[in-house]
Amino acid sequence: MSKHKFYLTTPLYYVNDKPHLGTAYATINADVLSRYHRLFGHEVKFLTGTDEHGQKVQQTAVKNGREPQAHCDELSLVFKNAWTELEVQFDIFFRTTDSFHKKTVQSVLQELYDKGDIYSDTYEGWYAISEEIFYTEKDLVNGKSPNGNDVVNIKEKNYFFKMSKYQKQLIDHIEKNPNFIQPENRRNETLGFLRQPLGDLCISRPKTRLSWGIEIPFDHDYVTYVWFDALLNYAVAVGLKQQGREEEFKTWWQEAGAYHMIGKDILITHTVYWPTMLMAIGVNLPKMIFATGWLLNKDSEKMSKSRGSVMDPKEMIKLVGIEPLRYFLVREFRLGQDGPASHELIINRVNTDLANNIGNLLSRTTNLIDKFFSGKAPAGPNTKDASITHDTSTAALIELSTHTPQKVYECVQAFSLSEAIEHVMNLLTETNRYLEEKAPWKMAKTNLPEAGSTLYVALEVLRISASLLLPVMPNKMTSLLCTIGVCEFKAAKTANPNWHDIGTWGFIKPGTPIKKAEPLFPRAEGTP
Ligand code: ME8
């Protein structure tokens with residue numbers, strides 16, 4: 001049987017600025033989601049990349065005295081390196097200035113023009129450069145865009161995509177597919193937007209005003225609107241309209257279907273522009289568009305360079321390290337909601353969950369095994385062991401441990417990553433409590449097998465928990481697993497243990513060498 005396929009995308013980031021903690025938040029959450037699917041044994045394609053055309057990027061290049069392409073090459077690499085440093089395991093790093101993308105965008109434009117879905121007309125309206133979005137007079141709020149950004153007046157001939165033609169079909173699709181747009185409030189927001197008559201989409205810019213874009217094949221005086229170009233990347237990346245890639249396109253786009261993780265700021269472009277474009281081309285719509293909330297700065301505003309006060313991921317790495325930062329960004333926030341980030345929150349989270357909870361359990365357990373069992377896993381209870389039915393706290397903990405993988409699986413299916421991790425943390429907290437209650441350090445002096453049995457339970461919990469946290473902290477959890485003798489998957493050069501084995505109680509064989517753990521998560525202190 002072929003493996004289940006999962007195709008996940010992040011937005012393509014504008015190269016007008018380097019990555020900040022907000023874009024790192026979006027990318028790391030998507031990375032963790034895709035790593036969970038790999039852990040489940042699925043075949044994954046994970047795409048991220050850079051959006052390199054448009055006015056915003058052109059202006060930044062001019063301001064820096066650079067040719068746009070040279071500017072894009074440099075910034076795109078900055079993004080790629082930043083994600084690599086943050087252990088983002090992308091399969092595709094997409095750049096909209098790649099020539100195969102430009103060629104495909106042009107062939108889509110030509111096809112829609114030939115079909116009559118693109119026409120020319122005079123455009124008059126207001127343009128917000130920072131958003132690369134057109135607004136009508138009635139959209140403006142106090143002379144600014146609805147998001148509070150500056151707008152400029154524009155009147156010129158342009159090309160339009162007949163988006164209005166697909167309005168009804170789109171509403172039907174959203175109504176028939178409750179999971180198409182998530183979370184629910186974003187689905188309602190889109191349906192609310194679609195209650196008004198949908199206009200057509202201006203998809204060109206005269207070269208006199210903007211030269212940095214993909215030339216329109218049927219009018220060389222124009223380039224394509226940046227969103228038309230950028231949105232297509234998701235399908236172009238897996239073979240849309242490219243000779244020799246038909247099978248790949250069928251497998252990944254038409255059958256598996258894409259999951260787009262985006263920020264709520266780019267909801268309508270993804271839930272209205274993009275699906276209508278796909279309808280016009282005659283291919284399937286994505287499976288799901290999931291809009292995340294924003295990481296807020298200390299003034300409770302969206303963290304974004306244009307608004308000032310962004311946090312730099314590099315500084316945060318200095319403060320707590322790469323994998324604890326990943327942990328914070330996934331654990332601290334509910335994915336669909338906004339939330340504030342600060343040094344204090346990062347330090348507290350890392351100390352409470354990593355140093356005090358998992359770190360503490362690991363060092364206590366391995367130290368005691370070293371001291372009383374010469375560094376070998378003691379024998380422990382198994383699920384069928386009748387005696388454990390008399391020991392309710394052990395039975396309850398085994399039950400909780402073996403059910404946690406399924407809980408994590410269900411949360412990940414719902415994009416509830418923070419809740420998934422919460423289940424693991426809860427298991428670890430319960431186990432630290434269990435050790436307090438059983439006090440194996442005392443018991444070892446009177447009943448060594450009983451103390452061993454307690455420590456074996458802690459070992460198995462550590463194995464299950466570390467396996468379930470691999471997508472968040474791949475290196476630290478791999479080294480934790482090796483410390484407790486679970487190294488086969490690493491030796492076999494696979495990133496993950498077998499999913500089925502994780503929830504199978506009794507995986508660690510008594511006698512397995514257990515190392516005395518080095519502190520995995522030193523306490524974080526102070527400010528950078
Ligand atoms: O919009 N909190 O690119 P962009 C959470 N190029 N997420 C944040 C964030 C924050 N404070 N700041 C940014 C564009 N993001 C287009 C997209 S897609 C074909 C084209 C994340 O560089 C969030 O996911 O402005 C948001 O949607 C994305 O960065 C926008 O990045």
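Remember, it's 1-based here, ligands and their atoms both numbered in the order they're listed. Computed from a predicted model, the values in this text were never measured in an experiment.
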Determine, using heavy atoms of Met261 and all atoms of ligand 1, whether some pair is separated by less than 4.0 Å. no

Glu132 near ligand 1 by a heavy-atom separation under 4.0 Å: no

Residue, atom name and distance, where the atom is the protein heavy atom closest to [atom]:
{"atom": "atom 1 (O) of ligand 1", "answer": "Ile266 CG2, 3.5 Å"}
{"atom": "atom 17 (C) of ligand 1", "answer": "Leu12 O, 3.3 Å"}
{"atom": "atom 30 (C) of ligand 1", "answer": "Asp265 OD2, 4.1 Å"}
{"atom": "atom 29 (O) of ligand 1", "answer": "Tyr13 CE2, 3.3 Å"}

When you compare ligand 1 with [X], is there at least one nitrogen or oxygen pair between them that comes in under 3.5 angstrom?
{"X": "Met303", "answer": "yes"}
{"X": "Thr23", "answer": "no"}
{"X": "Leu231", "answer": "no"}

Trace of the ring-ring contact (aromatic ring centres under 6.0 Å, His included) decision for Phe333 with Tyr25: CA-CA 10 Å; Phe333 312 96; Tyr25 166 76; 5.6 Å; yes

Tell me the contacting part of Leu295 for ligand 1: side chain, backbone, both, or neither, using a 4.0 Å heavy-atom threshold, strictly below. both

If we set the cut-off at 4.0 Å for heavy atoms, which region of His270 has an atom near ligand 1: side chain, backbone, both, or neither? side chain

Look at [atom] and find which of [options] reaches it with the closest heavy atom.
{"atom": "atom 6 (N) of ligand 1", "options": "Asp338, Asp51, Leu296", "value": "Asp51"}
{"atom": "atom 18 (S) of ligand 1", "options": "Phe333, Tyr234, Tyr14", "value": "Tyr234"}
{"atom": "atom 7 (N) of ligand 1", "options": "Ala230, Gly263, Gly22", "value": "Gly22"}

Taking NZ in Lys18 as the centre, count heavy atoms belonging to other residues, nucleotides or ligands within less than 6.0 Å. Is the count above 12? no

Quick one: CZ on Phe290 to OG1 on Thr292, what's the gap to the nearest 0.5 Å? 7.5 Å

Measuring from Ile289:CD1 to Ile174:CD1, what's the distance to the nearest 0.5 Å? 8.0 Å

Kindly assign one of parallel, tilted or perpendicular to the pair [X] and [Y], based on the angle between their ring planes and the thresholds 30° and 60°.
{"X": "Phe6", "Y": "Tyr259", "answer": "tilted"}
{"X": "Tyr113", "Y": "Phe218", "answer": "parallel"}
{"X": "Tyr409", "Y": "His42", "answer": "perpendicular"}
{"X": "Phe79", "Y": "Tyr13", "answer": "parallel"}

Mark up the atoms of ligand 1 that fall under 4.0 Å of a heavy atom belonging to [X], in ascending order.
{"X": "Gly293", "value": "5 (C)"}
{"X": "Ala26", "value": "21 (C), 24 (O)"}
{"X": "Lys302", "value": "9 (C), 11 (N), 12 (N)"}
{"X": "Tyr25", "value": "5 (C)"}

Charged N to carboxylate O under 4.0 angstrom, Lys318 versus Glu315? yes

Does the pair Tyr222 and Leu210 meet the rule for a side-chain contact (heavy atoms from CB on, under 4.5 Å), with working shown? CA-CA 8 Å; Tyr222 285 82; Leu210 171 73; over 6 Å; no

Short side-chain to backbone donor-acceptor contact, Asn284 and Gln254, under 3.5 Å: yes

